[in-house]
Amino acid sequence: MSYNTANMKVVEGSYAVAHAVMCCRPDVISAYPITPQTHIVENLSQMVADGELDSEFLTVDSEFSALSVLVGVCAAGGRGYSSTTSQGLALMYEVLYNVSGLRMPLVMNVANRAMGAPLNIWNDQQDAIGARDVGWIQIYAENVQEAVDATLQAYKIAEDKEIRTPVMVCMDGFVLTHVYEPVELLDKEKAREFLPDFEPEHILDPSHPMTFGAFADPSTYTEFRYQQFEAQLKALPKIEEVARQFQESFGRYYGGLIDGYFLDDADIVIVTLGSVVGTIKDAIDSMRSEGKKVGMLKIRSYRPFPVQALRKALKDAAVIAVIEKDVAIGGEAGLVTDLKAAFYNSSIRTPIIGFAAGLGGRDITIKDIRRMVEKAEAARKGDLSEFEFLALRKEIL
Amino acid sequence: MDKSLLAPGHRACAGCAMPTTIRLVLDAAGPNTIVVSPTGCLEVTTTPFPESSWCVPWLHSLFENASAAASGVEVMLKRRGKDTNVVIIGGDGSTFDIGMGSNSGMFERGHKILYVCYDNEAYMNTGVQRSGSTPFCVHTTTTPSGSQSQGNPRPKKDMPAIALAHGIPYVATASVAYPVDLRRKVKRALEVNGPSYLQVNAPCITGWTFDAGTMIELARLAVESGLWPLLEYEKGELVGVKKIRRPRPVEEYLKLQGRYKHLFKKAECADMLSQIKDMALTNMAKYNLVD
């Protein structure tokens with residue numbers, strides 16, 4: 001990975017992402033305010049107000065309407081953008097399915113946040129993981145730079161004629177939206193070369209009247225769903241291809257579908273997604289200095305779920321510990337369940353243990369990671385605890 | 001009328017006022033029009049994939065977001081410098097109830113969109129359940145008449161007043177039984193620079209239960225009884241009232257419909273009937289409907 005440090009600026013994560021959106025030249029931005037997404041759309045509003053960005057900015061009555069407006073924008077041939085989080089994403093739930101079913105290549109940044117009740121504005125990933133089946137591609141960012149770069153890549157993936165599927169670029173709320181860190185902002189002209197103008201195949205046009213959003217009965221509904229399923233499978237190589245194209249243009253690459261850290265010789269592999277990756281890397285550095293063969297695998301594309309890439313990358317692990325900021329109450333959690341499912345029909349029989357951590361904004365510390373690794377070592381020796389809440393405060397229960 | 005922009009072959013019931021209403025609206029709006037419809041009878045009867053009755057571009061997204069989706073269409077057309085009509089056509093469930101938030105947002109943002117509500121006064125597509133538009137005492141499947149009930153206990157929501165409260169430039173009521181008036185109002189609504197709202201009385205044969213041949217007569221009686229005044233507001237001012245040439249008793253309108261039949265069977269409904277008559281008299285006085 002190469003950074004041109006001369007071009008780096010210390011900016012807030014939300015500004016950096018808003019700048020990336022500006023470089024994507026959406027025709028219409030439609031958004032409703034919700035913490036911690038607000039700074040992204042405030043920055044975009046200002047860019048429009050200052051004439052820096054030639055977009056229509058619609059202030060709407062709800063997140064539900066925010067995304068619904070973009071259905072119309074897309075049907076009329078425009079490029080649309082929105083951003084939300086948590087309760088707002090939940091309010092959009094019905095529209096999320098509608099957008100993907102209508103094959104509208106929209107892009108949203110989701111500033112990941114916990115779901116109420118109890119009300120909690122801080123970061124976890126329950127919102128997006130809970131929406132894993134809505135038919136959107138989901139890409140998770142480790143840091144602000146990745147969120148910036150993934151936003152530009154997202155439109156290229158979404159608008160590809162073979163894919164035509166909306167993309168959520170997930171970035172941890174506050175941790176990434178409100179952090180100030182050095183970022184290389186996208187170059188507008190290079191972004192334009194990388195992402196040409198949107199060329200829709202079908203639009204609402206009185207000279208060629210078409211019907212959008214007809215209903216499908218049991219004789220055709222399955223095939224509509226299959227086409228969406230197939231498009232996400234096609235997105236697997238496309239996400240990788242776009243990441244490589246991005247590398248050629250901008251010099252940065254963080255893996256397409258997944259990325260690894262000390263993965264090759266690792267006995268214990270931590271699998272995760274999002275900003276906790278940074279903490280885990282630090283923990284691994286110190287454990288490696290103690291001679292522990294710990295490595296990490298970062299999921300960048302959670303939907304489509306990169307089954308083959310994961311099987312290949314994790315086949316030699318002795319034990320796998322999944323740490324994620326969500327919980328599937330009544331089951332386990334999204335990522336660990338998906339990972340187990342990915343391995344079941346393979347020859348991999350590595351023990352997999354799962355941890356819910358960092359819920360509602362609780363810090364995940366290096367100490368927590370070490371404790372998890374201890375559990376993984378125990379699991380390797382046969383003491384397998386399948387799933388638990390990491391650093392649970394039993395004293396207040 | 002030239003060839004209709006709503007092609008035959010749709011699955012609406014014989015005797016339904018909705019397709020007639022839509023044909024009149026499209027006839028007035030012309031081919032340079034994009035229609036957005038919420039979920040409802042109109043959507044399911046006109047677009048069974050891979051067929052469509054729509055000869056103009058048509059978009060359906062969800063039940064409660066037609067106004068938001070249409071806003072997106074309108075903004076894009078403006079951005080591209082295109083002068084195309086954007087017309088929402090939806091039933092009363094999406095208009096009065098579930099879509100209220102997005103309707104309010106569209107009105108308040110001032111999009112140049114005509115919203116046409118074909119008002120059949122209940123959730124007909126799902127089997128005649130009460131909506132916010134259902135009038136007082138109407139029997140629906142969720143406000144049935146019974147030993148402890150005389151049908152819907154509440155009056156119809158005043159949706160035109162809600163539209164007016166947004167300060168939009170044009171609000172009107174119309175009826176499928178008055179096609180010339182309806183077409184004129186559509187044309188006027190499309191001329192104003194901003195949102196417009198047109199609420200059309202559109203009897204539903206399955207929900208109201210009447211003889212299919214009497215649909216237009218029934219719609220006319222709604223107007224002539226004073227229960228459905230034909231009104232027109234520009235910039236918040238009442239500028240047009242359709243005078244009733246031959247006022248008719250409310251009972252004549254109610255008796256043709258199965259949804260009111262309990263009112264004529266139970267002695268305790270006399271009070272309800274007189275309340276409905278009062279509503280008609282109030283309208284006649286308020287809008288000076290009869291010379």
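Just so it is clear: chains get the letters A, B, ... in the order the sequence lines come, proteins before strands, and each one is counted from 1.
- Note: Tyr32(A) OH to Gln87(A) CD = 12.0 Å, rounded to the nearest 0.5 Å.
- Both the backbone and the side chain of Leu59(B) come within contact range of chain A, each with at least one heavy atom under 4.5 Å from a heavy atom of that chain.
- Summarising the local packing, CZ of Phe215(A) is surrounded by more than 12 heavy atoms from other residues, nucleotides or ligands at distances under 6.0 Å.
- Rounding to the nearest 0.5 Å places OH of Tyr197(B) at 7.0 Å from CZ of Phe107(B).
- Within residues 88-95 of chain B, no residue approaches chain A closer than 4.5 Å by heavy atoms.
- Residues of residues 70-83 of chain A lying within less than 4.5 angstrom of chain B, judged on heavy atoms, are Val71(A), Gly72(A), Val73(A), Ala75(A), Ala76(A), Gly77(A), Gly78(A) in numerical order.
- Within 6.0 Å of CD in Glu223(A) there are more than 12 heavy atoms belonging to other residues, nucleotides or ligands.
- Contacts between Tyr221(A) and chain B at a heavy-atom distance below 4.5 Å are absent for every atom of the residue.
- Between the side chains of Gln232(A) and Thr165(A), not a single donor N or O lies within less than 3.5 Å of an accepting N or O.
- With hydrogens and angles left out, the side-chain atoms of Asn43(A) and Ser14(A) include no donor and acceptor closer than 3.5 Å.
- Between Glu232(B) and Lys185(B) there is no salt bridge, since no side-chain nitrogen of the basic residue lies less than 4.0 Å from a carboxylate oxygen of the acidic one.
- Going from atom CG of Leu6(B) over to atom SG of Cys55(B) covers 7.0 Å, rounded to the nearest 0.5 Å.
- Among residues 47-63 of chain A, the residues having any heavy atom closer than 4.5 Å to a heavy atom of chain B are, in sequence order, Asp54(A), Ser55(A), Glu56(A), Leu58(A), Thr59(A), Val60(A), Asp61(A).
- Heavy-atom pairs under 4.5 Å with chain B were tallied for Asp217(A), Ile203(A), Val99(A), Asp205(A); the largest tally goes to Asp205(A).
- Interatomic distance, Asp127(A) CG to Arg113(A) CZ, rounded to the nearest 0.5 Å: 8.5 Å.
- Of the two parts of Pro48(B), the backbone and the side chain both hold a non-hydrogen atom closer than 4.5 Å to a non-hydrogen atom of chain A.
- Proximity to chain A (any heavy atom under 4.5 Å) is shown, for Ser104(B), by neither the backbone nor the side chain.
- Here Asp160(A) does not pair with Lys234(A) in a salt bridge; the nearest charged N to carboxylate O distance is not below 4.0 Å.
- Interface with chain A: from residues 61-77 of chain B, residues Ser61(B), Leu62(B), Glu64(B), Asn65(B), Ala68(B), Ala69(B), Ser71(B), Gly72(B), Val73(B), Val75(B), Met76(B) qualify, criterion being any non-hydrogen pair under 4.5 Å.
- Distance OG1/Thr46(B) to CZ/Arg11(B): 10.0 Å, rounded to 0.5 Å.
- Of the N and O atoms on the side chains of Trp58(B) and Ser37(B), at least one donor lies less than 3.5 Å from an acceptor on the other residue.
- For Val56(B), the part sitting under 4.5 Å from any heavy atom of chain A is the backbone (N, CA, C, O) and nothing else.
- The number of heavy-atom neighbours closer than 6.0 Å to NZ of Lys190(A), taken from other residues, nucleotides and ligands shown, is above 12.
- Ser102(B) contributes atom OG, which lies 7.0 Å from atom CZ of Phe64(A) (distance to the nearest 0.5 angstrom).
- Within 6.0 Å of CG in Asn193(B) there are 12 or fewer heavy atoms belonging to other residues, nucleotides or ligands.
- Ion pairing of Arg188(B) with Glu191(B) is present here, as a side-chain N (NZ or NE/NH1/NH2) and a carboxylate O approach within less than 4.0 Å.
- Within 6.0 Å of the CD atom in Glu201(A), the count of heavy atoms belonging to other residues, nucleotides or ligands exceeds 12.
- Partner of Tyr123(B) under the side chain to side chain donor-acceptor pair (under 3.5 Å) criterion, out of Thr142(B), Thr140(B), Asp97(B): Asp97(B) alone.
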